[in-house]
Participant: 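Sharing a structure, written as C-alpha cells. Questions coming.
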Amino acid sequence: MRSFASDNAAGVDPAVMDALVAANVDHALAYGSDPWTARATASFRELFGAPVEVCFVWGGTGANVVSLQSLVAPWDAVVCTANAHIAVDECGAPERFTGAKLLSVPVVDGKLRPEHVVESQVGRGDEHHSQATVVSITQSTECGTLYTPAEIAAIAEVAHGHGMKVHLDGARIANAVAALGCDVREMTIGAGIDVVSFGGTKNGMMYGEAVVFLDPALGVNARFIRKQATQLPSKMRFVAAQFEALLAGGRWIANATHANAMAVRLAEAVRDLPGVELTREPVVNSVFARLPADAIGRLQARSFFWVWDDATSEVRWMTAFDTTDDDIAHFAAILRDELG
C-alpha cells in the first residue's frame, strides 16, 4: 500500500533501519547512559555549532510537551496559530501537562506575525489573566508554508523584548531547511529560537524525536519533565542510533529534499486534471487541492488521504522520503479515472 496521507505513513529509511539493527547487539545501559546517545548528542551539538542540551523522546506530541513544560508555569500562556499542531492535533496534551493556556491566533497561511505577539501582551501583569510568556511557531507550517529566517528573527525579537521565550515545532524542520537552502543554525540559533522540537519520524525514522535546548539553561529540569511526561525511552540507544544515522552525511536533508521535490512533481501531475484545483504551490512536501466533494470518498477508498477543510473540500497530499515517480503516476491515474 502506498499513500499520500502523511509522511508518517512511510516506512523507515534503510540507513536508519541498518542503524537500529547495528544497535541491537549485546547490552547497553538504559535511559541514555549508552554510547549511541552520547554520539547522537554530539551530532546535534556539531549540527548547531553550540553546546545544546538534547532530550530524546518517543514522539512529536511528547517533544512539544517537554519543550513547553520546560518554559512555562501553570498560569502562563503559549501564543500559537489556531491551526498549530499543539492546538488542533494533540488532544489537549500541552494544556493538560503544562497547565498553561494556548492563545491561538486565526491565520490563513499558518504563520504568526510580530503584531500577534504584541497583542498577546494585553493583560500581562494582571493576575486575572494568563500570562503570555512563550511563542510557539511551526516550521514548516501546517499549511505547507515557510517562515524565512528574517521572519523568525522578527518574531523572536519582539518576543524576547517582552521577556518571552520562543519554541519551534520542527516536526518537519528538515523539509524547511531543504526548501530554504539555508543552514539550520540560521533559522534557529541565529534567529533567536530558544527550544526546538526536532523531528525525525516524518523524515525516515521508525519513531523518536528530539527536544533541543539551544539555550542549555532552559533544559536544566528537562530530564525530570521528560520522565513525568512518560517520554523517557528506557532503551534510548534505539532512538539515538536513528538520529545518528539520519544526521550523518546530511542524510536528513537529502531525505527532505527528495520529499519536497516529489510534492512538486505530484502537483505537476495533477494540476490539469478536471476537478482538481491546487490551492497553493508546494514549497515543502505537501500539496493542497480542492476536489469535488462527492468524489473525495471514492478517491480515499482507492488511495487514502486526509481532508484538510471539509467546508471547502480542500484536501492535503503528503510526499515522503520514499515517494517514487511510479507512486505519483499511479495516484494521478486514480484521480483521472474517478474525476473523468
Participant: Quick check: is L112 connected to L102 through a chain of hydrophobic side chains (ILVMFWY, heavy atoms under 4.5 Å apart)?
Facilitator: no
Participant: Assess the residue pair E53 and R223 against the criterion (side chain to side chain contact (heavy atoms under 4.5 Å, CB included)); give the C-alpha distance rounded to whole Å, side-chain angles, the decisive distance to 0.1 Å, and a yes or no.
Facilitator: CA-CA 10 Å; E53 285 297 325; R223 67 188 191 277; over 6 Å; no
Participant: May I ask you to check whether over 12 heavy atoms, not counting those of E46, lie within 6.0 Å of atom CD?
Facilitator: no
Participant: Check the angle between the aromatic planes of F198 and F44 and answer parallel, tilted or perpendicular using the 30° and 60° thresholds.
Facilitator: perpendicular
Participant: Which label fits F305 and W317: parallel for a plane angle under 30°, tilted from 30 to 60°, or perpendicular past 60°?
Facilitator: perpendicular
Participant: Determine yes or no for a side-chain-to-main-chain donor-acceptor pair under 3.5 angstrom, with Q242 supplying the side chain and M206 the backbone.
Facilitator: yes
Participant: Tell me yes or no: between the side chains of H258 and T323, is some donor less than 3.5 Å from an acceptor?
Facilitator: no
Participant: CD1 of I152 to OG1 of T188: how many Å apart, nearest 0.5 Å?
Facilitator: 8.0 Å
Participant: Does E186 use its side chain to pair, donor to acceptor, with the backbone of A191 at less than 3.5 Å?
Facilitator: no
Participant: Working to the nearest 0.5 Å, report the span between CG of L246 and CH2 of W252.
Facilitator: 8.5 Å
Participant: For side chain to side chain contact (heavy atoms under 4.5 Å, CB included), just list the numbers for N8 and K202, CA-CA rounded to whole Å, side-chain angles, deciding distance to a tenth of an Å, and then say yes or no.
Facilitator: CA-CA 5 Å; N8 275 330; K202 292 179 171 65; 3.4 Å; yes
Participant: Would you tell me whether T145 and D109 have side-chain atoms, one donor and one acceptor, within less than 3.5 Å of each other?
Facilitator: no
Participant: Quick one: do the E90 and H85 side chains pair a donor with an acceptor below 3.5 Å?
Facilitator: yes
Participant: Treat each ILVMFWY residue as a node, draw an edge where side-chain heavy atoms are under 4.5 Å apart, and state whether Y147 and V117 are in one component.
Facilitator: yes
Participant: Grouping I, L, V, M, F, W and Y whenever their side-chain heavy atoms are under 4.5 Å apart, do V177 and L47 come out in a common cluster?
Facilitator: yes
Participant: Are any side-chain N or O atoms of D215 and backbone N or O atoms of D194, one a donor and one an acceptor, separated by less than 3.5 Å?
Facilitator: no
Participant: Applying salt bridge (charged side-chain N to carboxylate O under 4.0 Å, His left out), run through R172 and D7 and close with a yes or a no.
Facilitator: CA-CA 10 Å; R172 296 185 176 95; D7 34 14; 2.8 Å; yes
Participant: Indicate whether any N or O donor in one side chain lies under 3.5 Å from an N or O acceptor in the other, for T324 and D326.
Facilitator: no
Participant: Indicate yes or no: at least one non-hydrogen side-chain atom of D322 is less than 4.5 angstrom from one of R2.
Facilitator: yes
Participant: Take atom NE2 in H129; do more than 12 heavy atoms of anything else shown fall under 6.0 Å from it?
Facilitator: yes
Participant: Passes side chain to side chain contact (heavy atoms under 4.5 Å, CB included), Q300 versus V307? Steps please.
Facilitator: CA-CA 9 Å; Q300 287 175 317; V307 176; 3.8 Å; yes
Participant: Can you list, pair by pair, the side-chain donor-acceptor contacts under 3.5 Å of residues 286-298, counting residues two or more places apart and other chains?
Facilitator:
residue : atom : partner : partner atom : Å
R290    : NH1  : E277    : OE2          : 3.3
R298    : NE   : E338    : OE1          : 2.9
R298    : NH1  : D294    : O            : 2.9
R298    : NH2  : E338    : O            : 3.3

Participant: Same cluster or not: are F238 and V57 linked, directly or through other Ile, Leu, Val, Met, Phe, Trp or Tyr residues, by side-chain heavy atoms under 4.5 angstrom apart?
Facilitator: no
Participant: Side chains of M236 and W36, heavy atoms from C-beta outward: is any pair under 4.5 Å?
Facilitator: no
Participant: Would R316 and E142 count as a side chain to side chain contact (heavy atoms under 4.5 Å, CB included) if you check the C-alpha gap in whole Å, the side-chain angles of each, and the deciding distance to 0.1 Å?
Facilitator: CA-CA 10 Å; R316 186 187 72 169; E142 287 79 5; 5.7 Å; no
Participant: Can you confirm whether or not the ring centre of W306 sits under 6.0 Å from the ring centre of F304?
Facilitator: yes
